[in-house]
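The structure under discussion appears below in the form of structure tokens.
To find a chain, count down the sequence lines: A is the first, B the second, and so on, and within it residues start at 1.
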Amino acid sequence: MATVKRPAPASLADPFYYLANARTLVDWVRDHHGDLLLDGEKAQLGAWLGAGHEARALLVRMVMRQGEHFRLSRLRYREIGDPAPVADELLALGLVQSRTPIPVQELADLLTLIELNRCFAGAFAEAGLARAAKGIKRDWLRARPEYATPRPFDDWWPVSQDRLLSLACMPLFERLRLMFFGNLHQDGSEFVLTELGNQRYETVAFTPESRAFHHRAEVDHYLALHHLRRRLEQGEAPASLLEALPAPLDNDWLAARRAKLMYQLARAAEKAGDDDTALRAYRHSDDHEARVRQARLLERRGDHGGAFALAQAGLAQPRDEAELQGLQRLYRRLYKKMGAPAPTPVTEADILTRTLTLPPSKERVERLAAGALAGPVYYVENHLFNGLLALLCWEALYAPLPGAFFHPFHAGPADLYRPGFAERRSELLAACLARLEDGSYRAAIMARYRQKQGISCPLLAWPALSEPLLERALSCIPPAHLSAVFTRLLSDLRGHGSGLPDLIRFLPGGGYELIEVKGPGDRLQDNQRRWLAFFHQQGIAASVCQVRWLP
DNA sequence: CCACCTACAG
DNA sequence: TTCACACTTTCCT
DNA sequence: GAAAGTGTGTCTCTGTAGGTGGAG
Ligand SMILES: [Mn+2]
Ligand SMILES: [Mn+2]
């Protein structure tokens, strides 16, 4: 294993700390992911690296900000000084452009309201919009055919003293960020927050061979999906986006992302009344929710035969419990119409329900119920069992598997919610779970709790887990119960990670019970039913507490 | 004039 | 990069 | 009863500057 300097945040005492962080990121990608970069991209990076200190810094400032267009007057930084000569240098290097045509709504965002009024004084007066709000004006401008053609900033507003700079290297820096972090929701502020101590991550060893991407096509695919999703969020029609979907790659992670996007396109199409697009997208999506949604849409359109056939196929091989539940409901609605046999009556074990009558209050109903019940009661929802699992299996969770960790800012392994997470760590997890057998789990969990307090972990909400709660949970919940719950959680961390009861109540004699609180008008959700059924089957005390208001 | 919102910086 | 959950409305039998 | 839609609190933090828009 080659020893390589781990990328680390720069000191904030350095006024160019952000430049140093950008260098760290770029160097890491160039050194260890260079095979995924084109010659043109390397040349562009070379141009940036060859620029002067201030020019490199200004470009980083621009890349970190929102949008691609910046007024020179808004690029004043103490440590950089006069931006004009620096901008000229970046222009000469081709890293930024001037006189880029921009649409009129972009112009409206770049100008203040006062400037916008000056720029379009006549037009606004004529339209009776002189005093309208900025948003109204922007929308009006966008809708006017005479402003439909993008123009350079100076052409829109010739009297301006200002210059507009437009980034010409945004795709490159976005690509670098993606290759470094393995996602596009993390950015340079990770370095800063970590340095400030505001954000703490577990330290996991990783080698340069541990990467998010191994082929350029994978990076391209991720970016394509990302931009399609962005366009969907902007309100573009799902049908055209579906056409633009890239062909699938031989990569389970990206295939799942593609299927999820296709599912979201289908949902959007369904909402918009474009049933054809919706059905096509559902049919081709491998997302675990797609089949039930497709069957429901067919049913709603009156295609009972199609819906029923889909339900039957799914019931023969359900993907998960949620799908089974959804398809069973569908079957119960349709079997008579289809002349099919009645479903085996699902003895959804009678759910133990008690009623609590309380004076009306604005407080959350879970808290009220907790206060009204005897004994120590905690409002934990999903946090308790997920948190206990994380604490017990910490070593397995943060084991340095190749591809699981590849930068210093991971809250959890990259594959935490992907299929096969537990299988890839079966021995490590077995070793952790074995502590439930030999009794050492209590001390191990408490030690982890104290040692790792505050470290970001997707399964752990630190403020929800107090030390007394953990102590009580560990003394009152038998290890066999923990083992059963953890095994279920590990079988599908995403699918089973939610739906756990609101409250845990510890009994004086040493036992405990789980309580799902329901206010007036609230009902059990599917995932809550599934957990209650599981608890029932395991002999774990779990019930529903129906709250009614005192008249 | 002031409350509110947003982008930005660290 | 949302998600999980509660709460509300609508439709149907 | 089922499904769909909406709202809320959490999300990684905190402080600040500038812009906006309504009230007076
Ligand atoms: Mn709840
Ligand atoms: Mn509840």
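A:Leu193 comes within contact range of at least one nucleobase, with a heavy-atom separation under 4.0 Å. Within 4.0 Å (heavy atoms only), A:Arg293 reaches sugar-phosphate atoms of the nucleic acid but no base atom. A:Gln199 comes within 4.0 angstrom of a nucleotide base, judged by non-hydrogen atoms across all strands.
Spacing between atom CG of A:Leu129 and atom P of D:dG21 amounts to 13 Å, rounded to whole angstrom units. In this structure, the CG atom of A:Asp526 is 11 Å from the P atom of D:dA4, given to the nearest Å. Rounded to an integer number of Å, the gap from A:Arg523 CZ to C:dT8 C1' is 12 Å. The distance from atom CG of A:Asn198 to atom P of D:dC11 is 13 Å, rounded to the nearest whole Å.
OP1 or OP2 of C:dA6 has at least one side-chain nitrogen or oxygen of A:Lys518 nearer than 4.0 Å. For the OP1/OP2 pair of C:dA4 and a distance below 4.0 Å, the side-chain nitrogens and oxygens of A:Gln525 include no atom meeting the criterion. Residue A:Gln528 places at least one side-chain N or O under 4.0 Å from the OP1 or OP2 atom of C:dA6.
Stacking of A:Lys137 on the aromatic ring of A:Phe124 is recorded, both the 6.0 Å distance cut-off and the 45° axial limit being met.
Distance noted for atom P between D:dT8 and B:dC5: 14 Å (whole Å). Rounded to the nearest Å, the gap between the P atom of C:dC7 and that of D:dT10 is 15 Å. A gap of 22 Å separates the P atoms of D:dG19 and D:dA23, to the nearest Å. C:dC12 and D:dA4 are spaced 13 Å apart, taking the P atom of each and rounding to whole Å.
When only modelled atom types and interatomic distance are considered, A:Tyr282 and A:Glu270 share a side-chain donor-acceptor pair under 3.5 Å. A side-chain N or O of A:Glu190 and one of A:Tyr201 form a donor-acceptor pair less than 3.5 Å apart. Judged by distance alone, the side chains of A:Trp394 and A:Gln451 never bring a donor and an acceptor atom under 3.5 Å apart.
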Item to check | A:Leu532/A:Leu514 under side-chain contact (heavy atoms from CB on, under 4.5 Å): CA gap, chis, key distance, verdict | outcome: CA-CA 9 Å; A:Leu532 287 173; A:Leu514 302 168; over 6 Å; no
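Taking a pair to require two hydrogen-bonding distances under 3.5 Å in either a Watson-Crick or a G-U wobble arrangement, D:dT10 remains unpaired.
Here the nucleotide nearest the side chain of A:Arg61, chosen from B:dG10, D:dT12, D:dG19, is B:dG10.
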